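Each remark here refers to the structure printed beneath this line.
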Amino acid sequence: MNGTIQIRRAQPIDAEALTALTLASKNHWNYGTPQIAIWRDELSISSDYIRQNAVYKLQLDVDLVGFYAYEHLKTRAVKLNFLFVAPRYIGHGYGGLLLNDFLKRVKGTVATKILLDADPHAQAFYAKYGFKVVGQLPSSIPGRTLPIMQLELEE
């Protein structure tokens, strides 16, 4: 992690770069072009989405390394909708930097828990931070489910 690391709010102009990073990161797990094409809409980040939600990007000098996005739900819960790291930076601790930054932002709000729908490849990552599987969500891939994970926040 040499260089200057900054985590700051994403701007609407970042939408295209964040979408490209998301698609590349998801494909890191060898889902293949046809499956990524099926997920393209749900993995796309629009400028409106950035305006309406909390989206934070991590940069190493001028390189976009990763980002996360979340929303407050009406149930005193926060939903982590996205957390992605560019493929060349996966496995170097940047996902942990992003998740810890997210956790710091959420603690101290009215939220009592965090929810997320994890890619099966990311389940162990979230479990290291205390997230527990509380359900399963059907995937668009036949016979596969996504773990719904939750972290209870201390009052």
Side-chain angles (χ1 to χ4, degrees), residues 1-33 35-36 39-73 76-134 137 146-155:
M1 288 191 212
N2 295 331
T4 303
I5 296 172
Q6 291 185 344
I7 299 177
R8 61 179 193 242
R9 191 93 187 217
Q11 299 302 311
I13 195 168
D14 295 319
E16 190 175 315
L18 295 177
T19 295
L21 184 149
T22 303
L23 295 171
S25 180
K26 192 74 164 176
N27 205 30
H28 171 78
W29 303 108
N30 297 316
Y31 286 114
T33 305
Q35 185 61 48
I36 296 298
W39 289 333
R40 184 172 195 69
D41 286 347
E42 65 190 85
L43 294 175
S44 292
I45 310 298
S46 69
S47 52
D48 282 344
Y49 181 87
I50 294 170
R51 279 187 205 89
Q52 296 165 9
N53 294 280
V55 182
Y56 290 87
K57 63 182 181 176
L58 186 157
Q59 287 187 268
L60 176 61
D61 296 324
V62 296
D63 284 350
L64 176 61
V65 172
F67 79 101
Y68 65 87
Y70 66 96
E71 64 181 307
H72 288 271
L73 304 176
R76 294 189 62 199
V78 170
K79 176 86 183 270
L80 180 63
N81 293 320
F82 295 92
L83 192 155
F84 285 97
V85 174
R88 68 183 264 209
Y89 294 107
I90 290 174
H92 297 282
Y94 294 105
L97 282 176
L98 285 164
L99 188 59
N100 280 321
D101 187 78
F102 162 67
L103 292 172
K104 276 197 306 194
R105 287 184 201 281
V106 170
K107 289 179 180 174
T109 68
V110 298
T112 58
K113 64 184 172 184
I114 299 169
L115 297 165
L116 61 88
D117 304 331
D119 183 285
H121 295 288
Q123 181 176 342
F125 168 77
Y126 291 114
K128 282 192 317 191
Y129 291 87
F131 284 83
K132 307 247 185 288
V133 176
V134 295
L137 186 65
L146 303 177
I148 300 169
M149 301 186 80
Q150 178 176 297
L151 178 66
E152 295 287 338
L153 297 174
E154 298 173 11
E155 295 280 335

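These figures come from a predicted structure and were not determined experimentally.
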For Pro87 against Ala24, the heavy-atom pair lying closest together: CG-O, 3.4 Å
Heavy-atom closest pair, residues Ala69 and Tyr49: CB-OH, 3.6 Å
Ser25 to Ile90 - nearest heavy-atom pair and separation: OG-CD1, 4.1 Å
Non-hydrogen side-chain atoms of Val85 and Phe67 separated by less than 4.5 Å: no
Interatomic spacing from OG1 in Thr4 to CG in Asp61 - rounded to 0.5 Å: 5.0 Å
Heavy-atom closest contact (Val65 atom, Tyr94 atom, distance): CG1-CG, 3.5 Å
Heavy-atom check, side chain of Leu23 versus side chain of Trp39, under 4.5 Å: no
Spacing of CG belonging to Asn27 relative to OG1 belonging to Thr33, to within rounding of 0.5 Å: 6.0 Å
Least distance between heavy atoms, Leu64 atom then Gln59 atom: CA-CG, 4.3 Å
Side chain to side chain, Leu153 and Ile114, heavy atoms closer than 4.5 Å: yes
Test log, rule side chain to side chain contact (heavy atoms under 4.5 Å, CB included), inputs Leu80 and Leu115: CA-CA 6 Å; Leu80 180 63; Leu115 297 165; over 6 Å; no
Val78 and Leu73, any side-chain heavy atoms less than 4.5 Å apart: no
Check: Met149 and Gln123 side chains under 4.5 Å, non-hydrogen atoms: yes
Worked check of side chain to side chain contact (heavy atoms under 4.5 Å, CB included) between Leu98 and Phe84: CA-CA 9 Å; Leu98 285 164; Phe84 285 97; over 6 Å; no
Heavy-atom side-chain proximity of Tyr68 to Arg105 below 4.5 angstrom: yes
Mutual orientation of the aromatic rings belonging to Tyr56 and Tyr70 [parallel < 30°, tilted 30-60°, perpendicular > 60°]: parallel
Listed once per pair and sorted, the salt bridge (Lys or Arg N to Asp or Glu O under 4.0 Å) pairs that draw on residues 21-30, sequence neighbours left out: Lys26-Asp119
Nearest-0.5 Å distance, OG1 of residue Thr19 to CG of residue Leu43: 8.5 Å
Expected output: side-chain Arg76 to main-chain Val110 donor-acceptor under 3.5 Å: yes
Ile13 atom CD1: more than 12 heavy-atom contacts under 6.0 Å: no
Step-by-step side chain to side chain contact (heavy atoms under 4.5 Å, CB included) determination, Asn100 to Tyr129: CA-CA 9 Å; Asn100 280 321; Tyr129 291 87; 3.8 Å; yes
Euclidean distance, Ser46 OG relative to Leu18 CG, rounded to 0.5 Å: 10.5 Å
Verdict with supporting geometry, Tyr89 and His28, ring pair (Phe, Tyr, Trp, His ring centres under 6.0 Å): CA-CA 11 Å; Tyr89 294 107; His28 171 78; over 10 Å; no
Parallel, tilted or perpendicular: ring planes of Tyr31 versus His121, cut at 30 and 60 degrees: perpendicular
Phe125 side chain near Leu99 side chain, heavy-atom distance below 4.5 Å: yes
Non-hydrogen side-chain atoms of Val133 and Ile148 separated by less than 4.5 Å: no
Where Ala118 and Tyr126 come nearest, the two heavy atoms and their spacing: CB-CD1, 4.1 Å
Spatial distance of atom CG (Leu83) from atom CG (Asp101) [nearest 0.5 Å]: 10.0 Å
Residue pairs, two or more places apart or on separate chains, that pass salt bridge (Lys or Arg N to Asp or Glu O under 4.0 Å) and touch residues 3-22: Asp14-Lys57
Intermediate values then yes/no, side chain to side chain contact (heavy atoms under 4.5 Å, CB included), Leu151 and Lys132: CA-CA 6 Å; Leu151 178 66; Lys132 307 247 185 288; over 6 Å; no
